[in-house]
Amino acid sequence: EAQVTQNPRYLITVTGKKLTVTCSQNMNHEYMSWYRQDPGLGLRQIYYSMNVEVTDKGDVPEGYKVSRKEKRNFPLILESPSPNQTSLYFCASSRSGFRFTDTQYFGPGTRLTVL
Amino acid sequence: AQTVTQSQPEMSVQEAETVTLSCTYDTSESDYYLFWYKQPPSRQMILVIRQEAYKQQNATENRFSVNFQKAAKSFSLKISDSQLGDAAMYFCAYRSVSNYGGSQGNLIFGKGTKLSVKP
């Protein structure tokens with residue numbers, strides 16, 4: 001089944017404790033992206049990747065890191081999480097970042113709480 | 001920068017009736033894509049319908065259709081014969097076809113409209 005998976009689905013952590021949220025897709029997609037969703041704000045892009053080893057900042061990149069060493073994986077890293085990073089996070093992928101007709105497929109979301 | 005506005009935080013519809021969700025956007029571009037995504041309680045983001053700005057014909061997908069008014073920068077979603085399973089948060093989103101002033105592939109979302117369906 002074609003899908004985007006994220007792990008963990010739920011995470012409660014404390015301020016300053018490094019964490020990684022994994023994202024994997026099995027559709028051989030070139031483009032991958034991370035969004036965060038906050039009440040009343042909709043979804044906002046954190047980082048994106050056009051292909052392996054090619055990443056760039058989205059609208060709200062502060063406090064986050066990403067890497068794209070393999071085509072299928074695009075982990076989101078919080079080196080020192082803070083309470084304002086409490087949010088619902090979505091990973092998304094599409095066949096190509098250049099083909100704007102391509103649909104972005106979303107993962108199931110990761111609910112992160114930083115105490 | 002582009003913005004997307006959904007002016008109805010919540011809407012309600014009777015089962016089997018029709019409801020229209022509003023979306024307006026602001027852009028200086030002439031070519032772009034518009035989307036409606038559905039987010040049910042499971043939180044999964046599901047693409048409902050997509051519209052290319054250069055196409056005058058309104059997109060339709062079964063019970064879902066859009067009214068795309070390019071000059072007015074309006075992109076409303078009509079749900080016909082509403083079903084209980086349509087209850088969800090609906091997001092309107094914009095995607096540029098150029099990279100000028102923003103990240104490639106970035107979907108710019110509105111704040112969402114919560115749709116309730118009454119039996």
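By convention in this document, chain letters (A, B, ...) are assigned in the order of the sequence lines, proteins followed by strands, and residues within each chain are numbered from 1.
- Aromatic ring centres of A:Tyr48 and A:Phe74: separated by at least 6.0 Å.
- Here A:Asn28 pairs with A:Lys71 under the side-chain hydrogen bond (donor to acceptor under 3.5 Å, both in side chains) rule; sequence neighbours left out.
- For B:Gln39, the part lying near chain A is the side chain, with the backbone staying farther off; criterion is any non-hydrogen pair under 4.5 Å.
- Using a 4.5 Å cut-off between heavy atoms, A:Arg44 makes no contact with chain B at all.
- Between the side chain of B:Thr5 and the backbone N or O of B:Ser7 there is no donor-acceptor pair closer than 3.5 Å.
- Counting heavy-atom pairs under 4.5 Å between each of A:Leu88, A:Asp38, A:Asp56 and chain B puts A:Leu88 at the top.
- Ion pairing of A:Glu79 with A:Lys65 is present here, as a side-chain N (NZ or NE/NH1/NH2) and a carboxylate O approach within less than 4.0 Å.
- Residue B:Tyr37 touches chain A through its side chain alone, counting heavy-atom pairs closer than 4.5 Å.
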